[in-house]
Amino acid sequence: MSSDILAKGYEPKEVEQHWYDFWQREGLFSAKEHSEEKGYAIVIPPPNVTGVLHMGHALNITLQDILCRYRRLMGDNVLWMPGTDHAGIATQNVVERKLAEEGQTRDEIGREKFIERVWQWREESGSAIINQLKRLGASCDWQRERFTMDEGLSIAVRKVFVQLYNENLIYQGNYIINWCPRCNTALSDLEVEHEDLNGHLYHIHYPFTDGSGSIVVATTRPETMLGDTAVAIHPEDERYQDITANEVVLPLMNKTIPIIRDSYVDMSFGTGGLKVTPAHDPNDFELGKRHNLDEVKVIGDDGRMTENAGKFQGLDRFECRKAVVEALKQEGLLEKIEDHLHGVGHCYRCKSVVEPNLSKQWFVSVKPLAQKALEAVQQGDTRIIPDMWKNTYYEWLNNIRDWCISRQIWWGHQIPAWTCEDCDEMIVATETPTACTQCGGSRLVQESDVLDTWFSSALWPFSTMGWPENTPLLNTFYPTATLVTGFDILFFWVARMMMMGLHFMRDVPFRDVYIHALVRDEDGQKMSKSKGNVIDPLHTIDQFGTDAFRFTLAAFAAQGRDVRMSENRVEGYRHFINKLWNAARFSLMHLKETSELPPAETLALPDRWILSRLQATAEAAKEALDQYRFNDAAGTLYQFVWHEFCDWYLEVIKPVLYLEADESNDTRRKSTLAVLEQVLQETIVLLHPFIPFVTEEIWSKLPGTTGSIMQATFPLLTPDNAGLHRDEAAEAQMNLIMDVITGIRNIRGEMNLAPSMKLAALVQSASDKNRSVLDAHRDLIENIARLSALDIMPSGERPPSAATAIISGATVFVPLEGVLDVAKETERLEKELKKIGVELSKVSKKLNNEDFLGKAPADVVEKVKEKHQQFLEKQQKLQANLERVRNLA
RNA sequence: GGGCGGGUAGCUCAGUUGGGAGAGCAUCGGCCUUACAAGCCGAGGGUCACAGGUUCAAGCCCUGUUCCGCCCACCA
């Protein structure tokens, strides 16, 4: 890495680790707590401690890193707050599995030991995900790394819980919640994933007690009938106007239950009869409350039938379903079984079928909090980008229901509530109480439940900055600038951070929320282990380097669109990294020392041109990044580096670099080298947010650079604007020259003339200005177009037997005496002519349209007229040439 | 049942106030031209899903149809 000349190919492995260590050692990721500079903060969506880096993280982290590195170049004081989430259920499941491998269960070792094990496990593997983030180049302020179970964050959690409880926004109660029998815990509505499954609809006779027949009810879960406490019908259902009975016999249970009338019942469904199971269905629960029905819980928390299920007690819920159906069949009460597609809830962590169950749990009364979160976005205090997600956000907040926050697991923040065993008093406090506030007794037992993981992550933007203390960090960085996240946690996380931030900080947690899409495989399928289509980001990095991988992600991250990832695509962008590397390698062969940029007016045309293009590129890149248009920014830079800087500028200056040494040539060469140095340096600064490693490596090799590229300034912001400015005249002149060269290359390609074959060319242009521009750069044109001679004339004889290229402002002839393939050239010209004919008729049509002339804006009309003129000229020239070529035949 | 996104070249996708349809990859032809064959030069290829409408002008705006994908929802 110390040789002056770079290696022939870029080898990411050799430099990535080196530079990452360097950045950390130099403290370049560290935010300043107190600073005059603008504070710009991003809090990381904390990955689960159990996590392994996947494509979703890679995209998420890359976009954040691009923003952070960009803002540093813009001179902001950047804080990228890193950390991990304790991920209650997920982590507990992982550790339970490990225990199972040792032949143990958590109940056997007990709560305290179990939690110890989790901590121990976290110590061992908790840094794996963090190290993987580092391989992506993530410039997080690692010294501030937090964990949702940290002492500080735990204090914040308790403080929030207690305050919400005191404000009557947290309450405890018996309601129907989603219960996962596998994880043995309650879940919030969000943690249930509905999946449409092919099930059955069972139609069951419930005989009237007076022997006057029966009513048929339908259910998808026949085992719940054991807990039925009523049958409901619609009060206006004509089918049941004449029934004499008020009660039915609940089959299999030999129990009498009432027939109730409620307009909730949908008359159009089945027979219009509804079995009511208040303990196992949320609607039935409501119905039960209205009609004072008993709540009979027949499915236990372990997924087995309770003693209330009579002879079915102890059966697993699914076995019980079969047994109930069999028993009903035998009693002749099963009318029929239909196939039925319906949504079934599954646990988002273990995929078990979730059971709606009656249970005593803790809830957050979210409506008041949600209202503020809604308004903050409506008022524009927080922007959601892309805009379309606003509707989804509103929709959810408008229909929000209370949030079940208690979990019957061990790993998490234990709820700070204590019950006095003497007087049953409930004490909710931030500090562990020593005596009952009511009776003074000391037999206090803490609530065993822990909080939903998302409760602590909802506080993340301020708990990580030291809240509830009023810290300098909070003053400098709250509200944070941008949250970058996937839409899959818009409700879980974003909406709840909004609620908590507004409630406890009295300000939104972030100004912008940038929602990125999902990473899918190249066929658009969601990546999953079972499909076997998972691409491991680390594998991709090992193969192609972090920079190529990051650039690929950025290039495909169009707003609102999923990213389709394949290693082939990364390979494509590795070519780009290599291209840049080689451009630098070439430049460094000539850049032996740093030099001042000479005044613009003394520079040669290509130099002024590239500086102008660089300026345009910097402006476009800034504009795109400011709007989170990562793909546009990446595309703009790609285009500039490859097609303007490499394809044209470097080729054009080669002759200058190889000029013989004499005084005037040396002056010319020196100023070109100064421009080359400047452009290369500014270009890698522009690219640095996307591809940090290779740009740092090149930076370190450039003469005249010191420190890290991370300390550089974004080109548009340097005091002298890095010598950059748009130069329209230079761009127009260079375009003419490039058009002439392209025209000649075109002929060469079409006529199958070897590049090694030198050609003579004649350019005719009626414009004095154009002729003088071409004349002044005759060497350049001859060199790049490989010409033996170049004539430039105002007009005159068209050379016979020549191929022609008609460009804007000039006509190029390549005389091919004896070589010209007349048929081929005729065909080529005819084709061109046909094309231009189509264009011409389009504009002519417009110009012949009175309405267009009368109603279109003047500048548009003017533009069309100009075009018409141009097309007409081109057509005439083509026709003349075609005639001439035809005469040759 | 509601809501959202998408249908543009063979593939993957850009296309930001409506004004001559673009890129990358792939394909074809020609090149070892002293940074790069991970390269250079050139070429071909599109009824912008379909049908209407608004407009002087529609890939873009409106209506309808259709096909994909996703999210939300307590109809048994």
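Sequence lines set the chain letters: A, B, ... in the order given, protein chains first and strands last, and positions in each chain run from 1. Since this is a predicted model, take the numbers as computed values, not measurements.
- Backbone-only contact: N849(A) has heavy atoms under 4.0 Å from sugar-phosphate atoms and none from a base.
- Applying the 6.0 Å contact sphere to NZ of K865(A) captures no more than 12 heavy atoms from other residues, nucleotides or ligands.
- Side-chain contact between M751(A) and R828(A) is present, with at least one heavy-atom pair separated by less than 4.5 Å.
- The environment of CD in E827(A) is sparse: at most 12 heavy-atom neighbours from other residues, nucleotides or ligands sit within 6.0 Å.
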Bracket notation of RNA chain B in which parentheses pair within the strand, [ ] cross earlier pairs, and | pairs with another strand (Watson-Crick or G-U, under 3.5 Å): (((((((..((((.....[..)))).(((((.......))))).....(((((..]....))))))))))))....
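- In this structure, R221(A) does not reach the C75(B) phosphate: none of its side-chain N or O atoms is under 4.0 Å from OP1 or OP2.
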For E355(A) and R221(A): C-alpha separation, side-chain torsions, deciding distance, then whether salt bridge (Lys or Arg N to Asp or Glu O under 4.0 Å) applies. CA-CA 10 Å; E355(A) 215 54 57; R221(A) 297 183 296 151; 3.2 Å; yes
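- With C1' as the reference atom, G15(B) and G6(B) are 15 Å apart, rounded to whole Å.
- Picking from A14(B), A43(B), C74(B) the nucleotide with the shortest atom distance to the side chain of R401(A) gives C74(B).
- Spacing between C60(B) and A43(B) at atom C1', rounded to whole Å, works out to 30 Å.
- Residues R550(A) and D547(A) are not paired through a salt bridge, judged by the lack of any N-O separation under 4.0 Å between the basic side chain and the carboxylate.
- Protein atom CD of E193(A) is 15 Å distant from nucleotide atom P of C74(B), rounded to whole Å.
- The aromatic rings of H516(A) and Y514(A) are tilted relative to each other, their planes meeting at an angle between 30° and 60°.
- Ring-centre distance between F544(A) and H575(A): not below the 6.0 Å cut-off.
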What is the per-nucleotide protein-contact pattern of nucleotides 23-36 of chain B, from the 5' end, where B denotes a base atom under 4.0 Å from a protein heavy atom, S denotes such proximity for sugar-phosphate atoms only, and - denotes neither? -S----S-S-B-BB
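- Computed from coordinates, the K867(A) NZ to A57(B) C1' distance equals 12 Å when rounded to whole Å.
- The one candidate from F551(A), F690(A), F549(A) that meets the ring pair (Phe, Tyr, Trp, His ring centres under 6.0 Å) condition with F576(A) is F551(A).
- No side-chain heavy atom of H203(A) sits under 4.5 Å from any side-chain heavy atom of I337(A).
- Ion pair E832(A)/K834(A) not flagged as a salt bridge, since none of the NZ, NE, NH1 or NH2 atoms sits closer than 4.0 Å to an Asp/Glu carboxylate oxygen.
- Counting any heavy atom pair closer than 4.0 Å across all strands shown, K758(A) reaches no nucleic acid atom.
- Between G7(B) and C31(B), the two C1' atoms lie 40 Å apart (nearest whole Å).
- For the P atom pair drawn from G1(B) and G19(B), the interatomic distance equals 39 Å after rounding to whole Å.
- With the nearest nucleotide of RNA chain B identified for both R574(A) and T271(A), R574(A) has the one nearer the 5' end.
- If you check every strand for non-hydrogen atoms under 4.0 Å, P857(A) touches a base.
- G46(B) and G5(B) have their C1' atoms separated by 24 Å, given to the nearest Å.
- In this structure, the side chains of I744(A) and R786(A) stay at 4.5 Å or more apart for every pair of heavy atoms.
- Residue D851(A) places its side chain closer to C56(B) than to any other of G15(B), G19(B), C56(B).
- The P atoms of G10(B) and A49(B) are separated by 14 Å, rounded to the nearest whole Å.
- Rounded to whole Å, the C1' atom of A23(B) lies 14 Å from the corresponding atom of G45(B).
- Protein atom CG of D387(A) is 15 Å distant from nucleotide atom P of U17(B), rounded to whole Å.
- Atom pair E850(A):CD and C56(B):C1' shows a separation of 11 Å (rounding to whole Å applied).
- Remark: P of A73(B) and CG of N283(A) are 13 Å apart, rounded to the nearest angstrom.
- Remark: C1' of C71(B) and CD1 of I515(A) are 13 Å apart, rounded to the nearest angstrom.
- With both ends at atom C1', the span from U27(B) to A35(B) equals 28 Å, rounded to whole Å.
- Separating the CD atom of E623(A) from the P atom of G15(B) is a distance of 14 Å, rounded to the nearest angstrom.
- At least one side-chain heavy atom of I515(A) sits less than 4.5 Å from a side-chain heavy atom of P386(A).
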Footprint string (nucleotides 4-9 of chain B, 5' to 3'): B base within contact, S backbone only, - free, heavy atoms under 4.0 Å: SSS---
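- If you check every strand for non-hydrogen atoms under 4.0 Å, V265(A) touches a base.
- Sequence order on RNA chain B of the closest nucleotides to Y264(A) and R629(A) puts R629(A) first from the 5' end.
- Using a 4.0 Å cut-off, no side-chain N or O of K846(A) falls inside it from OP1 or OP2 of U55(B).
- The NZ atom of K855(A) sits 13 Å away from the P atom of U54(B) (whole-angstrom rounding).
- In this structure, W403(A) has its ring center no closer than 6.0 Å to that of F363(A).
- By the 6.0 Å and 45° rule, K579(A) does not stack over the aromatic ring of Y638(A).
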